[in-house]
Peer 1: 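Below: one structure in structure tokens.
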Amino acid sequence: MPELPEVETIRRSLLSIIGRRIEAVEVVEPRLRRRVAENFASQLVGRLIEGIERRGKYLLFHLSGVLPEEERANRRPFAGGESLLVHLGMSGALLLQSAGTPRQLHDHVRIRLSGDVQLMYNDPRRFGLLRVGHTAEFVELGNVGPDPLAETFSAADLAALVRGRKKPVKNLLMDQRALGGIGNIYANEILFRAGIRPGRQARRLTRAEIRRLLGATRAVLRSAVRHGGSSISDYRDGSGRRGYFQLRLRVYGRAGEPCLRCRTAIRRTVHAGRSSFYCPKCQR
DNA sequence: CGCACCCCCTGCCGGC
DNA sequence: TGCCGGCAGGGGGTGC
């Protein structure tokens with residue numbers, strides 16, 4: 001479910017919990033993609049949430065240290081600190097609720113916060129991940145490449161990623177080590193907007209196509225964030241709100257339907273085991 | 001390196 | 001109505 005725009009929307013919807021203290025943690029179902037650690041709750045209780053950061057499809061909830069007040073005042077937040085790392089997998093949701101909201105099906109972890117609210121982790125398929133540790137030491141984050149929305153990410157950077165890569169450009173877009181945050185929906189939409197077929201060898205892209213690809217990546221992701229992400233089936237942000245970008249999808253899930261630009265039937269193929277959708281006329 | 005293929009898990013949809 | 005196969009936004013592992 002959640003790609004960069006959805007994760008970013010969730011991050012923004014949870015900013016009100018910054019400054020709150022973690023009062024209690026209840027792990028109902030520890031069997032996620034990785035089993036939730038035995039000491040998960042004890043690592044969290046008593047600490048403050050100092051900030052929420054997104055890296056690719058991961059969320060980091062930066063935690064205050066468990067230090068005496070005067071030492072804490074001298075420490076820069078985020079610098080070498082610890083955090084709660086969350087990945088939502090295919091079906092995960094983080095819901096901000098009033099404290100004591102009754103548990104629903106697939107509510108696996110409840111984090112009760114000061115101010116009578118709670119953060120509920122719900123995940124039907126249980127492909128998500130929750131762990132606490134030193135921010136700099138999460139192995140998962142070592143696989144997350146640069147954020148395509150970062151101002152510092154340039155056409156030259158994209159050209160460097162493309163260089164020498166024989167794999168289809170769609171696989172490159174979805175490779176989290178190359179770029180952080182793009183999944184199957186947005187890879188398809190970006191390539192449609194750029195007019196490039198998903199199966200094109202990355203190294204065969206011309207300079208003009210690379211510029212178009214970067215422009216399309218930014219435009220599609222920004223627009224999706226602006227519309228609160230895509231609610232294909234059950235995605236919700238932290239307040240339970242749906243996104244609306246699914247109404248603006250041009251090719252994803254539209255196999256056999258007419259291209260919105262030229263009416264040619266949209267084709268479906270498979271790259272790296274995931275469905276690709278493209279217009280054979282508009283994309284070359 | 002690239003990729004085909006498997007796994008993890010539940011839900012939903014279409015066909016029969 | 002019910003059962004079954006296929007598919008789904010994720011990542012990770014293996015073997016070629």
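Note that these values count all heavy atoms, side chains included, but never hydrogens, waters or copies made by symmetry. Worth saying up front: this structure is predicted, and the values here are computed from it rather than measured.
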Peer 1: Round to a whole Å and report the spacing from CG of A:L32 to P of C:dG12.
Peer 2: 15 Å
Peer 1: Report the nucleotide, chosen from C:dG10, B:dG2, C:dA8, that has the shortest atom-to-atom distance to any side-chain atom of A:R165.
Peer 2: B:dG2
Peer 1: Write down the distance separating the P atoms in C:dA8 and B:dA4, rounded off to the nearest Å.
Peer 2: 15 Å
Peer 1: Under the ring pair (Phe, Tyr, Trp, His ring centres under 6.0 Å) definition, can you give me all pairs with a residue in residues 172-202 of chain A, not counting sequence neighbours?
Peer 2: A:Y186-A:F245
Peer 1: So what does A:P168 touch, heavy atoms closer than 4.0 Å: a base, only the sugar-phosphate, or nothing?
Peer 2: sugar-phosphate
Peer 1: Considering only the P atoms, how many Å lie between C:dG5 and B:dC6, rounded to the nearest integer?
Peer 2: 16 Å
Peer 1: Do A:T135 and A:S83 pair up side chain to side chain, a donor and an acceptor below 3.5 Å, judged on atom types alone?
Peer 2: yes
Peer 1: Under the side-chain contact (heavy atoms from CB on, under 4.5 Å) test, which residues partner A:S42, sequence neighbours left out?
Peer 2: A:N39
Peer 1: Of all the choices, C:dG10, B:dG2, C:dG9, which nucleotide is nearest to the side chain of A:K57 once you look at every atom?
Peer 2: C:dG10
Peer 1: For nucleotides B:dT10 and C:dT1, find the distance between their C1' atoms and express it as a whole number of Å.
Peer 2: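 Rounded to whole Å, the distance is 22 Å.
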Peer 1: If only side-chain N and O atoms count, and only distance matters, is there a donor-acceptor pair under 3.5 Å linking A:S114 with A:R20?
Peer 2: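 The criterion, which ignores hydrogens and geometry beyond distance, is not satisfied for A:S114 and A:R20.
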Peer 1: Provide the full list of ring pair (Phe, Tyr, Trp, His ring centres under 6.0 Å) pairs with a residue in residues 248-284 of chain A, sequence neighbours left out, each pair given once.
Peer 2: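 Qualifying pairs: A:Y252-A:F277.
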Peer 1: Distances for protein N/O vs nucleotides 13-16 of chain C N/O pairs under 3.5 angstrom?
Peer 2:
none

Peer 1: Calculate the interatomic distance between A:D237 atom CG and C:dG9 atom C1'; express it in whole Å.
Peer 2: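 Taking CG of A:D237 and C1' of C:dG9, I get 16 Å after rounding.
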Peer 1: Do A:Q118 and A:R112 have side-chain N/O donor and acceptor atoms under 3.5 Å apart?
Peer 2: no
Peer 1: Who passes side-chain contact (heavy atoms from CB on, under 4.5 Å) against A:V36, sequence neighbours left out?
Peer 2: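 Partners of A:V36 under the side-chain contact (heavy atoms from CB on, under 4.5 Å) test: A:V27, A:P30, A:L32, A:F40.
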Peer 1: Choosing from C:dG10, B:dG2, C:dG12, which nucleotide comes nearest the side chain of A:Y58?
Peer 2: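 Selected nucleotide (nearest to the side chain): C:dG12.
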Peer 1: Which whole-number value in Å describes the distance from A:R34 CZ to C:dG10 C1'?
Peer 2: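 Taking CZ of A:R34 and C1' of C:dG10, I get 15 Å after rounding.
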Peer 1: Nearest-Å distance, CG (A:L129) to P (C:dG11)?
Peer 2: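 Nearest whole value for this atom pair: 11 Å.
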Peer 1: Please tell me whether A:H62 and A:E50 have a donor and an acceptor in their side chains that are separated by less than 3.5 angstrom.
Peer 2: no
Peer 1: Using side-chain heavy atoms (C-beta onward) and a distance below 4.5 Å, is A:P148 in contact with A:L4?
Peer 2: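 Answer yes - side chains close enough.
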Peer 1: Using atom P of each nucleotide, how far apart are C:dC3 and B:dC8 to the nearest Å?
Peer 2: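 One P to the other, the span is 23 Å.
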Peer 1: Would you indicate what A:Q176 reaches in the nucleic acid, counting non-hydrogen atoms under 4.0 angstrom: base, sugar-phosphate, or nothing?
Peer 2: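 Sugar-phosphate, backbone atoms only, no base.
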Peer 1: Between C:dG10 and B:dC1, how far apart are the two C1' atoms, rounded to whole Å?
Peer 2: 23 Å
Peer 1: Rounded to whole Å, how long is the line connecting atom CD of A:Q201 with atom P of B:dC1?
Peer 2: 16 Å
Peer 1: Mind checking A:Y252 for me? I need base, sugar-phosphate or nothing, with any heavy atom below 4.0 Å counting as a touch.
Peer 2: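 Answer is sugar-phosphate: A:Y252 comes under 4.0 Å of backbone atoms only.
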Peer 1: Taking A:T9 for the side chain and A:P5 for the main chain, is one N or O donor matched with an acceptor at less than 3.5 Å?
Peer 2: yes
Peer 1: List the residues meeting ring-ring contact (aromatic ring centres under 6.0 Å, His included) with A:Y58, not counting sequence neighbours, and say none if there are none.
Peer 2: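 ring-ring contact (aromatic ring centres under 6.0 Å, His included) check on A:Y58 returns A:H87.
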Peer 1: How long is the line joining NZ of A:K166 and C1' of B:dG2, in whole Å?
Peer 2: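 For the pair A:K166 NZ and B:dG2 C1', the rounded distance is 9 Å.
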Peer 1: Running the 4.5 Å side-chain criterion over Ile, Leu, Val, Met, Phe, Trp and Tyr, what cluster does A:L260 land in, apart from itself?
Peer 2: none
Peer 1: If you look only at pairs with a residue in residues 89-111 of chain A, which of them pass as a ring pair (Phe, Tyr, Trp, His ring centres under 6.0 Å), with sequence neighbours excluded?
Peer 2: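 Passing the test, one end in residues 89-111 of chain A: no pairs.
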Peer 1: With a non-hydrogen cut-off below 4.0 angstrom, is A:N171 in contact with a base, only sugar-phosphate, or nothing?
Peer 2: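 Touches sugar-phosphate only.
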Peer 1: Please report the distance, rounded to the nearest Å, between CG in A:L172 and P in B:dG2.
Peer 2: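 Distance check: A:L172 CG to B:dG2 P gives 9 Å.
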Peer 1: Reading DNA chain B 5' to 3', how would its secondary structure be written in dot-bracket notation, given Watson-Crick and G-U pairs with both distances under 3.5 Å, brackets [ ] for crossing pairs and | for partners on other strands?
Peer 2: .|||||||.|||||||
Peer 1: Within residues 271-280 of chain A, find the residues that approach DNA chain C with a heavy atom at under 4.0 Å, and present them sorted by residue number.
Peer 2: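 Output list: A:R274, A:S275.
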Peer 1: Return the set of residues passing side-chain hydrogen bond (donor to acceptor under 3.5 Å, both in side chains) with A:R242 (not counting sequence neighbours), or none when no residue passes.
Peer 2: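 Partners of A:R242 under the side-chain hydrogen bond (donor to acceptor under 3.5 Å, both in side chains) test: none.
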Peer 1: Check whether any side-chain heavy atom of A:R218 lies under 4.5 Å from a side-chain heavy atom of A:L214, and answer yes or no.
Peer 2: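 A side-chain contact under 4.5 Å exists here.
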Peer 1: Quick test: give all pairs of protein nitrogen or oxygen and nucleotides 7-12 of chain B nitrogen or oxygen below 3.5 Å, distance rounded to 0.1 Å.
Peer 2:
| from | atom 1 | to | atom 2 | distance (Å) |
| --- | --- | --- | --- | --- |
| B:dC9 | O4' | A:R125 | O | 3.3 |
| B:dC9 | O3' | A:R126 | NH2 | 2.9 |
| B:dC9 | O2 | A:R125 | NE | 2.8 |
| B:dC9 | N3 | A:R125 | NH2 | 3.4 |
| B:dT10 | OP1 | A:R126 | NH2 | 3.1 |
| B:dT10 | O4' | A:P124 | O | 3.4 |
| B:dT10 | O3' | A:H106 | NE2 | 3.2 |
| B:dG11 | OP1 | A:H106 | NE2 | 2.7 |

Peer 1: Taking atom C1' of B:dG2 as reference, at what distance in whole Å does atom CE of A:M174 sit?
Peer 2: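 My rounded result for the distance is 15 Å.
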